[in-house]
Each structure stands twice: as C-alpha cells, then as structure tokens.
There are 2 protein chains.
Amino acid sequence: MSRYTFTEENYLKAIYFLSQDAEKGVSTNAISESLETKPSTVTEMLRRLREKGVLHYKKYQGAELTEEGEKVAISTVRKHRLWECFLVDKLNFGWEEVHDIAEQLEHIQSRQLTDRLEEFLGFPKYDPHGDPIPDKNGVFPHSSDLSLDNCKPGQTVKVRGVKDTSPEFLKYIAKLGIGLGDDIHILEIEDFDHSMMIAVHGKKLQLSSIACKNIFVQ
Amino acid sequence: MSRYTFTEENYLKAIYFLSQDAEKGVSTNAISESLETKPSTVTEMLRRLREKGVLHYKKYQGAELTEEGEKVAISTVRKHRLWECFLVDKLNFGWEEVHDIAEQLEHIQSRQLTDRLEEFLGFPKYDPHGDPIPDKNGVFPHSSDLSLDNCKPGQTVKVRGVKDTSPEFLKYIAKLGIGLGDDIHILEIEDFDHSMMIAVHGKKLQLSSIACKNIFVQ
DNA sequence: ATATAAATTTAGGTTTGCCTAAAAATTTAC
DNA sequence: GTAAATTTTTAGGCAAACCTAAATTTATAT
Ligand SMILES: [Mn+2]
Ligand SMILES: [Mn+2]
Ligand SMILES: [Mn+2]
Ligand SMILES: [Mn+2]
C-alpha cells in the first residue's frame, strides 16, 4: 500500500461505499454525484486509477475496486471514524460537527499515528454515528457486538438485528415501528432505570432497558 | 484570513522563519533551499502570493510578509506546535518522531479544532522541543533566548529547548541523557575549541561548542 | 572598470485535477 | 426495431505546483 493523494483516497472511498449497494460495477454518474465532480472528470480519473492497479474498469462498464483499492478505501474509512471519535470523545465536539473536519484528517499519512490514536481512544468499535471502525487489518467488528443499551445520547444507530427472537418481542418492536435497517436516534437515557427516549421515523418513544439490550445496532 | 493551500502555508511559514535572521527581504534562493524546490518555482510562487496580498515582492529584491501573511504563518506555526504537543503528550511519540506528522497536521483547516486542541492539552506554552506556541491571537509567550554556549563555568542551568530540531541532533542529546527540564551544571570550558565539560544527572560529559550553541537554557 | 560568478527571472514543459461542449455508446420508450 | 433519452467518453482548456535550460540582473574580484 504505497502512497495515495487526497483525491485518490476520496475516489476510492466513494467507490467503496457505492459498491456496497450496487453489486455491478459502480457507474461514472454515481461517482460523479457522490464527489460533486463532472462525469468527464470521473472518467479520466478512473483511467488513471486503473493504471495504478487499484480498480478494474472497462469503458461504459463501471468500476470495481481491486484488493489493493479496497485496502486503501477501508484504511481511509478507519482513519475517518477514529478521528471522529477523537473529536467527540476528547475535544467535546457534537456528533453533527465532526464530519467535515474528519474529511481532512482522514488523509493524514502515518500508519503509526492511526494505530496510536486508536489505542489512545481505547480501541473504539464504533464511531459517534454508530458506524463500525475497521481494525488495523481492515476487519470490521461484527455488528452483533453492539446492543442499543451500550449507545449514548446523541448517537444515531442502525438496527441490525435482535437478540431475543421470540414472537412476543418481535411483535412488540414492530408495533413501535422499529424494523431492520431503521435509524434510531438516542435522545436521552433515564438514570434510574436506564430506559431510553429515542426517535424512530421522526416519532419519539420510550424503550425499557430490557428492550434495549435485545436490539443489535450498528 | 481566508483559506490558503497546503503549499501556500508552507511558503509563508518558511518566509516567516527566514525573515527572523535576515532583516532585508528574504531571498529567492533561501526560500528555495528551505522548501527544497527550484528557485524558478519560488519566483513564480512569489508573484502569485503577492497578488494574494500576503507579501511584498519586487523583482530581485526578495520577499517580506504583509500583516496578513504573517498572521497565516504564525497560525500555521501554532497548529504545528500544538499537534507536536498532542503527539508527544497524548500519543506517546518521542520528540524526535513528531515533526513530519505535524508537517501534515498543521494544514488542517478549522479554527475551532485548533482552539479546542489547545484547551485539551492544557494551553501549553512550549512544544516538545521548547519552541514557544503563539496563542489564538498570534502572541508568543516570552521565551529565553539564552543558549548554553553563553553560560559560564560554575553555573547550573535548566534545558528549555533546542535550536537545531533535526532528528540527528535530538537523537544525539537523547543518547547523552539530556532532555527538556534537565539541570546542566557547567564544570569547565576548553579554551581552544570552546567545548564544555558538564554534569547532567550526576554524569560528567563533554559537549562541543556546536552542540552548546543549539541548546537553549534558562 | 571590467570580467567572472552567483542569484534571479523567463520561457517552455509536465502532472494532477478540474471544467465545458461535442461525440459516441447504451438504455428506454413506443 | 427504431427513435429518443440518458449515460459515458472524447476533445480541448485551465490553474496550481513543480521542473530544466536559457536569459538577465546583481554581486564580487581583480
Ligand atoms: Mn463522517
Ligand atoms: Mn475525504
Ligand atoms: Mn516541528
Ligand atoms: Mn508544512
């Protein structure tokens, strides 16, 4: 993994995320939109990145990252999310303020810096928005590691599964309007019983600590 | 103080330091050497920076920063030194390892980030090499500019910083067991080469006059 | 004072990343 | 299955930073 420019890392990161939903090659237009550059600029960059060996690309057929390309993308995601943790946990920024600063910090090149930052932060598994942080080998934590009761007010997390799969529990959360893939925004945690006030689909509702322990999030 | 590129900040910082000793305009060659670019590149950049209003420059007459230019330079120095403190104090880097990483971090643009970092670090007045850190208004703390070679036998002085911050020199004095805050007792000065016999931590050792000139004391 | 040397600028190129406008390929619509 | 719409690529340019080689200006030395 040699050195990549600011811009190259941004392209690789964008293609990495876009290729998660679309299973074919990532389209020129999709990249263009995501990076707010013109499609012609993207075409040119794709040719350059292909020559560097970080992606496969044939005219009109979209792009797919190579192993090396994915490694660079994941490393950039890792840096981005670790810095977001730093900004929120150590410098007391709000979770909504940190993205743009992390967009800059994610391009600092020093393997040692990233690894020591991770250690300093106590090896966090998720960033302030609940997104998983890959380890130094590029391995993401399994989402089932994190249940809702381990999250903090201010976080927004995605429902990834349930621990209790009984019909009673599933019916209960379905009635509340909570389903797989939904975003839960944590508003407040009651001190005395650890129940949570949350917002889902714009609706405010209360969840007991027992319910929270049974919802896996990411 | 609008936004400046990575490169512009580096030029302004270099000119700022160079204009501290040379009281006339800073020469093209001096900048070229300090930034390891060719003189012709510097000439071109000086014209551009003049148009931006950050320095005065007339053909063959060298460059001088305007108030705005100096503000940018000092702000960059501030960021550089605060990040060096962070790396040493919080991430346990050695003081000889941090300069290159700080060269990158100093260009992150967020006033808020810099100020909160400073607060997180406890408003340090000096970086790990003993260099003074300007406050958010660009004001430097008063720093002693007394170097060891100006001291006399019999004196005991405290190490406050180094003039030469190269890894070679830092490693050298680290090997000798000399660090920030250490007490140096001057035993004898050799007449013929002005080398010093000193005692640190109870150990006797010899320092060349070149080494002595590069150690700031108080 | 003139010749030589050194410093600086000019001229002409390169690479990275971006743009607009036009052409070509692909997809969709009838 | 062709025509229209959309997507993508090509062609040609531009700005920031860099370079080499050739002038030009300034400094130095006899
Ligand atoms: Mn983010
Ligand atoms: Mn980015
Ligand atoms: Mn430094
Ligand atoms: Mn720098």
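Letters A, B, ... mirror the listed sequences (proteins, then strands); counts begin at 1. Just so you know, these numbers use all the heavy atoms, side chains as well, and skip hydrogens, waters and symmetry mates.
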Here the ring pair (Phe, Tyr, Trp, His ring centres under 6.0 Å) pairs for residues 7-47 of chain A, sequence neighbours left out, are none
Pairs touching residues 29-75 of chain B that satisfy ring pair (Phe, Tyr, Trp, His ring centres under 6.0 Å), sequence neighbours left out = none
Can a cation-pi geometry be assigned to B:K90 and B:F120, taking NZ or CZ under 6.0 Å from the six-membered ring centre and within 45° of the ring axis?
-> yes
Residues pairing under salt bridge (charged side-chain N to carboxylate O under 4.0 Å, His left out) where one sits in residues 112-124 of chain A, two or more places apart or in two chains, turn out to be A:R78-A:D115, A:R78-A:E118, A:R111-A:D115, A:D115-A:K136
Looking at [X] and [Y], would you say the former's side chain and the latter's main chain have a donor-acceptor pair under 3.5 Å?
{"X": "B:Q109", "Y": "B:Y4", "value": "yes"}
{"X": "B:N137", "Y": "B:V139", "value": "no"}
{"X": "B:D182", "Y": "B:G179", "value": "yes"}
{"X": "A:T66", "Y": "A:V54", "value": "yes"}
{"X": "A:E33", "Y": "A:A30", "value": "no"}

Report yes if a side-chain nitrogen or oxygen of B:R47 is closer than 4.0 Å to either non-bridging phosphate oxygen (OP1 or OP2) of C:dT10; otherwise report no.
-> yes
Set of residues satisfying ring pair (Phe, Tyr, Trp, His ring centres under 6.0 Å) with respect to A:W95, sequence neighbours excluded = A:H129, A:H185
Could you identify which residues of [range] place a heavy atom less than 4.0 Å from some atom of DNA chain C, listed by residue number, or say none?
{"range": "residues 49-56 of chain A", "value": "none"}
{"range": "residues 29-44 of chain B", "value": "B:N29, B:P39, B:S40, B:T43"}
{"range": "residues 7-20 of chain B", "value": "none"}

Residues in salt bridge (charged side-chain N to carboxylate O under 4.0 Å, His left out) with B:E64, at least two apart?
-> none
With sequence neighbours excluded, what pairs up with A:K158 under the side chain to side chain donor-acceptor pair (under 3.5 Å) test?
-> A:D183
Where does the angle between the aromatic ring planes of B:W83 and B:F86 fall among parallel (under 30°), tilted (30 to 60°) and perpendicular (over 60°)?
-> perpendicular
Using the heavy-atom set of chain A and a strict 4.0 Å cut-off, write down the first and last nucleotide of DNA chain D that makes it in, 5' to 3'.
-> D:dT7 to D:dT10
Between B:E103 and B:K13, does at least one N-O distance fall below 4.0 Å, as a salt bridge requires?
-> yes
Which atom pairs, donor and acceptor, lie under 3.5 Å between side-chain atoms of residues 36-44 of chain B and protein residues at least two apart or in another chain?
residue, atom, partner, partner atom, Å
B:T43, OG1, B:P39, O, 3.2

Please list residues of residues 57-66 of chain A whose heavy atoms come under 4.0 Å from any atom in DNA chain D, ordered by number; otherwise none.
-> A:Y57, A:K59, A:Y60
